[in-house]
Amino acid sequence: MPPEADPLEPFRAEVERSLRAAVAALGVDGIEPKLARAPQGMADFAFAAHALAAKLRQAPPAIAQQLAQHAGSERVRAVPEGPYVNFRIDDAALTEAVLASALARGEHYGDLPKTGQRVIVEHTSANPTGPFHVGRARNPILGDALARIVRAAGHDVTTEYYVNDMGKQVITLTWGLQHLRPEDVPHAERDKPDHQLVARYRKASELLERDPVVAQTIQEMLQRYEGGEPSTAQQVKQTVETMLRGMNATLERMGIRIDQYAWESRYVFNGDVDRTLEKLKQSERCKEEDGAFYLDLEGLGVAGKSQKFFLTRKDGTTLYTTRDVAYHLDKFRRADRLVDVLGEDHKLVGQQLGIALGLVGETRKPDIVFYAFVNLPEGRMSTRSGRVVYIDDLMDEAEERARAEVTKRRPELGEEEKRAIARIVGLGALRFNIAGVQAEKAITFKWEEALDFEGASAPFAQYSHARAASILRKAREEGHAPGEAKLAGKLAQPNELALVRTIARLPSVVRQSAADTRVHPLAGYAIEVANAFNQFYRDSPVLQAEPEVRGARLALTLAAKHALRNSLGLLGVEAPESM
RNA sequence: GGGCACGUAGCCAAGCUCGGAUAUGGCACAGGCCUCCUAAGCCUGGGAUCAGGGGUUCGAAUCCCCUCGUGCCCGCCA
């Protein structure tokens with residue numbers, strides 16, 4: 001029998017079964033007993049007997065006593081403790097199951113069986129008007145981690161970037177590139193297309209507001225573009241491609257690869273948007289005002305002035321949200337489930353989108369992850385105003401600080417090696433700090449916090465991983481191999497068992513995070529593993545232990561290493577073999 | 001004015017979806033641990049009206065209502 005993907009699952013099922021039977025034995029029906037996690041170190045699962053007190057007209061502790069007599073099994077003991085029934089899994093049985101699963105699956109420990117479900121994770125989708133800045137840095141970081149997590153949960157994931165190449169912003173940029181010379185704008189220090197181009201976007205935006213002639217020109221250009229004039233379309237395409245080349249270099253450096261790009265203009269020019277519009281117009285909610293069509297959202301929970309969801313301008317051209325409906329219909333043709341990562345400024349749009357999809361007969365809705373912006377102490381970041389911290393600069397700073405640390409701690413290493421470690425650690429700290437916080441919490445950007453290298457940070461977990469790697473490396477050099485899962489009985493120290501129990505939870509954390517489309521539980525989990533490993537490291541010498549114990553501890557070390565590497569990996573954070 | 005979020009020690013976060021055991025970590029602070037597998041580590045200590053008020057419940061950080069504060073939105077922009 002191959003080891004379980006989730007070593008905890010058979011035990012959980014067993015406990016649930018036995019608890020259900022015990023509840024039935026007391027003559028209670030109609031209550032589905034719910035298992036809970038007991039406080040750390042107390043038990044593996046718990047049941048609070050209060051829930052049955054009213055029905056049985058008995059005190060919870062008495063009920064717990066009786067339940068415990070009927071519940072439990074050979075491998076799981078049921079112990080009444082006050083008003084609770086605590087279930088404790090047999091240490092050796094659990095350890096063996098965890099080691100078997102983690103060692104057999106290795107780099108894939110944590111991954112769940114394939115579901116065949118196709119999921120498109122749309123993330124980043126930043127307007128191609130300038131370099132990525134920290135204000136929206138959560139988008140690629142959360143999106144990429146989410147894609148990895150959903151993939152680990154067994155689904156077939158494709159990531160997609162929706163390129164907003166319609167509308168005034170890209171036209172303004174294109175105009176700027178055609179009419180402003182590089183000498184007329186501030187010089188960019190960075191030799192990347194996005195940095196090279198953004199100054200002219202800024203200048204063009206400024207002229208657009210100040211100069212009516214420029215505004216008129218841009219307006220006309222926009223009309224030609226939306227009217228489908230090939231030469232303008234060609235120019236815009238070229239502009240956007242150039243900008244994206246620069247932006248992609250940033251993503252690549254962050255370790256983020258996007259599977260495919262969906263261009264907004266494509267949906268306009270291939271007729272998808274018009275077809276979607278026609279369908280929407282058939283809705284009774286669709287009304288006209290001054291030549292412009294809108295959906296009347298009254299009574300659908302959208303309040304006040306937002307009740308009119310405009311689909312077209314009065315000249316008949318479509319609006320962003322309308323095109324987004326067409327895009328989502330297309331995505332639903334290609335996938336079973338959609339995940340979108342959007343800034344919180346899109347909350348209303350998300351609601352409108354959901355309603356519109358329903359009106360044209362699409363019963364599914366995208367799972368939208370909204371994230372709050374990363375603001376500067378002095379306010380919101382903005383490409384147009386230039387009040388920004390660029391991700392490129394943040395990465396530079398992260399690597400530089402990490403290199404200073406490595407140099408201090410590992411002076412014996414070669415320059416090349418130091419640089420490699422600094423890259424992994426610096427970037428890891430950056431991604432971890434953003435991925436580790438609940439998406440909807442607003443963040444005020446501070447350098448020290450963004451690049452924290454100790455405590456609950458990526459380097460903390462990476463360090464534990466490097467320690468584990470170091471032990472395994474030395475063992476190999478001395479000719480010792482990790483033992484079989486059968487040696488589980490040799491692991492009996494409290495901190496060994498605590499580590500086993502922590503490792504056991506990775507598949508559960510993956511399942512839950514994927515279902516909830518939440519990333520930060522993985523970060524918390526990685527810290528827990530590191531913590532448990534550090535305590536094991538302190539209390540249980542591995543290499544000097546007698547052969548069988550050494551084999552068992554090496555196996556546990558390897559299992560912990562997998563859990564660390566894989567949980568970090570799901571966040572897009574690399575785990576170095578040495579640091 | 002209306003809507004959606006968020007508010008947990010000096011600071012930053014977890015727990016809230018699914019109510020249950022002394023509210024969990026980190027930073028900072030005070031003290032301790034490197035003849036022993038990497039001290040980016042470990043141990044000990046102090047520090048919390050879980051924004052405030054009301055309600056539901058045997059039981060509320062968790063659910064409901066109100067108030068306050070913060071972020072975001074309310075455009076024939078994207």
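Letters A, B, ... are given to chains in the order of the sequence lines, protein chains preceding strands, and every chain is numbered from 1. Bear in mind the structure is a predicted one, so any value in this text is a computation, not a measurement. The basis for the numbers below is simple: all heavy atoms, side chains too, and nothing from hydrogens, waters or symmetry mates.
At whole-Å resolution of the value, CG in A:Asp165 and P in B:C77 are 18 Å apart. The nearest whole Å value for the distance from the CG atom in A:Asn433 to the P atom in B:A13 is 11 Å. Atom-to-atom, CD1 of A:Ile368 to P of B:A5 comes out at 13 Å; the value is rounded to the nearest Å. The CD-C1' distance, from A:Gln58 to B:C58, rounds to 15 Å in whole Å. The OH-C1' distance, from A:Tyr294 to B:C74, rounds to 16 Å in whole Å.
Base pairing analysis places B:A30 opposite B:U44; the two distances defining the Watson-Crick or G-U wobble pair are each below 3.5 Å. Under the Watson-Crick or G-U wobble criterion, with both distances below 3.5 Å, B:U17 is left unpaired in every strand shown. Pairing partner, B:A23: none, since no Watson-Crick or wobble contact has both distances short of 3.5 Å. With both pairing distances under 3.5 Å, B:A78 is matched to nothing as a Watson-Crick or G-U wobble pair. Pairing partner, B:C68: B:G7, with both Watson-Crick or wobble hydrogen-bond distances short of 3.5 Å.
Environment of NZ in A:Lys281: crowded, with over 12 heavy atoms of neighbouring residues, nucleotides or ligands closer than 6.0 Å. The number of heavy-atom neighbours closer than 6.0 Å to NZ of A:Lys418, taken from other residues, nucleotides and ligands shown, is above 12. Counting non-hydrogen atoms of other residues, nucleotides and ligands closer than 6.0 Å to CD of A:Gln223 gives a total above 12.
In this structure, A:His50 does not reach the B:U57 phosphate: none of its side-chain N or O atoms is under 4.0 Å from OP1 or OP2. Residue A:Arg538 has no polar side-chain atom (N or O) positioned under 4.0 Å from OP1 or OP2 of B:C34. Distances shown here put a side-chain N or O of A:Asn531 below 4.0 Å from the OP1 or OP2 atom of B:C42. In this model, the phosphate group of B:C42 is approached by a side-chain N or O of A:Asn534 to a distance below 4.0 Å at OP1 or OP2. Within the structure, a side-chain polar atom (N or O) of A:Arg313 is placed less than 4.0 Å from OP1 or OP2 of B:A78. For A:Tyr371, no side-chain nitrogen or oxygen approaches OP1 or OP2 of B:C72 to under 4.0 Å. Look at A:Lys441 and you won't find any side-chain N or O under 4.0 angstrom from OP1 or OP2 of B:A5. Residue A:Arg467 places no side-chain N or O under 4.0 Å from the OP1 or OP2 atom of B:G41.
Here the separation of B:U49 from B:G10, taken at their P atoms, is 7 Å to the nearest Å. For the C1' atom pair drawn from B:C27 and B:C4, the interatomic distance equals 32 Å after rounding to whole Å. To the nearest whole angstrom, the two P atoms, one in B:A60 and one in B:G53, are 14 Å apart. Here the separation of B:C12 from B:C73, taken at their P atoms, is 23 Å to the nearest Å. Annotation: B:U62 and B:U44 have their C1' atoms spaced 32 Å apart (nearest Å). Across B:G47 and B:G26, the matching C1' atoms stand 14 Å from one another, rounded to whole Å.
Ranked by how close their nearest RNA chain B nucleotide is to the 5' end, A:Arg384 and A:Gln351 are led by A:Gln351. Nearest-nucleotide positions on RNA chain B place A:Arg37 closer to the 5' end than the other of A:Arg37 and A:Pro459.
Ring pair A:Trp447/A:Phe445 is perpendicular by interplanar angle, where above 60° counts as perpendicular and below 30° as parallel. Ring-plane geometry between A:Tyr327 and A:Tyr162 is classed as parallel, the angle between the planes falling under 30 degrees on a 0 to 90 degree scale with a further cut at 60. Taking the six-membered ring where the residue is Trp, A:Phe373 and A:Tyr371 present perpendicular rings, their angle passing 60° and hence far from 30°.
Note on A:Ala292: a base of the nucleic acid sits closer than 4.0 angstrom, heavy atoms only. Residue contacts shown for A:His346 include a base, since a base heavy atom lies under 4.0 Å away. Looking at heavy-atom distances under 4.0 Å, A:Gly167 makes contact with sugar-phosphate atoms alone, never a base. Residue contacts shown for A:Ala466 include a base, since a base heavy atom lies under 4.0 Å away. When heavy atoms are screened at a 4.0 angstrom cut-off, A:Phe370 is found touching no nucleic acid atom at all. Residue contacts shown for A:Gln535 are limited to sugar-phosphate atoms, with no base heavy atom under 4.0 Å away. Within the nucleic acid shown, A:Thr129 has no heavy atom closer than 4.0 Å to any nucleic acid atom. Base engagement by A:Asn86 is indicated by at least one non-hydrogen atom pair under 4.0 Å involving a base atom. Within the nucleic acid shown, A:Arg410 comes within 4.0 Å of at least one base atom, counting heavy atoms only. Residue contacts for A:Leu543: at a heavy-atom cut-off of 4.0 Å it reaches a base atom on one of the strands shown. At a threshold of 4.0 angstrom between heavy atoms, the contacts of A:Phe460 are confined to the sugar-phosphate backbone, with no base atom among them. Among the heavy atoms of the strands lying under 4.0 Å from A:Ala46 is at least one base atom, whether or not backbone atoms are also near. Residue A:Met42 is classed as a base contact, given a heavy-atom separation below 4.0 Å to a base. A:Ala51 comes within 4.0 angstrom of a base, heavy atoms only.
Listed nucleotides B:A40, B:C11, B:G20 differ in distance to A:Met579; the shortest reach to its side chain belongs to B:A40. For A:Asn127, the listed nucleotide lying nearest its side chain is B:A78; candidates were B:A78, B:G26, B:G15. Ranking B:A40, B:A78, B:U17 by closeness to the A:Glu264 side chain, first place goes to B:A78. When distances are taken from the side chain of A:Ala38 to each of B:C37, B:C42, B:A21, the shortest belongs to B:A21. Of all nucleotides listed (B:G15, B:C42, B:G71), B:G71 comes nearest to the side chain of A:Lys347. The side chain of A:Gln544 sits closest to B:C37 out of B:G19, B:C37, B:C76. For A:Ile471, the listed nucleotide lying nearest its side chain is B:C37; candidates were B:U17, B:A78, B:C37. Proximity note for A:Val425 (side chain, C-beta onward) versus B:A78, B:A40, B:A21: the nearest is B:A40. Side chain of A:Arg380, nearest nucleotide from B:A14, B:C18, B:C72: B:C72. In the set B:C37, B:C73, B:A40, the nucleotide with an atom closest to the side chain of A:Leu348 is B:C73.
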A:Tyr294 and A:Phe309: CA distance, side-chain angles, deciding distance, ring-ring contact (aromatic ring centres under 6.0 Å, His included) verdict
CA-CA 5 Å; A:Tyr294 69 92; A:Phe309 164 17; 9.8 Å; no

Starting from the C-alpha separation in whole Å, work towards a yes-or-no answer on side chain to side chain contact (heavy atoms under 4.5 Å, CB included) for A:Phe47 and A:Val15.
CA-CA 10 Å; A:Phe47 175 70; A:Val15 170; over 6 Å; no

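Look at B:C34: its glycosidic torsion is within 90° of 0, and that puts it in the syn range.
Side-chain contact check for A:Gln535 and A:Asp539: no donor-acceptor pair (N or O, by modelled atom type) lies under 3.5 Å.
Stacking here means ring centres nearer than 5.5 Å and ring planes tilted less than 30 degrees, and by that measure A:Tyr84 stacks onto B:A21.
Proximity of A:Gln169 to A:Ser205: side-chain heavy atoms (C-beta onward) are nowhere separated by under 4.5 Å.
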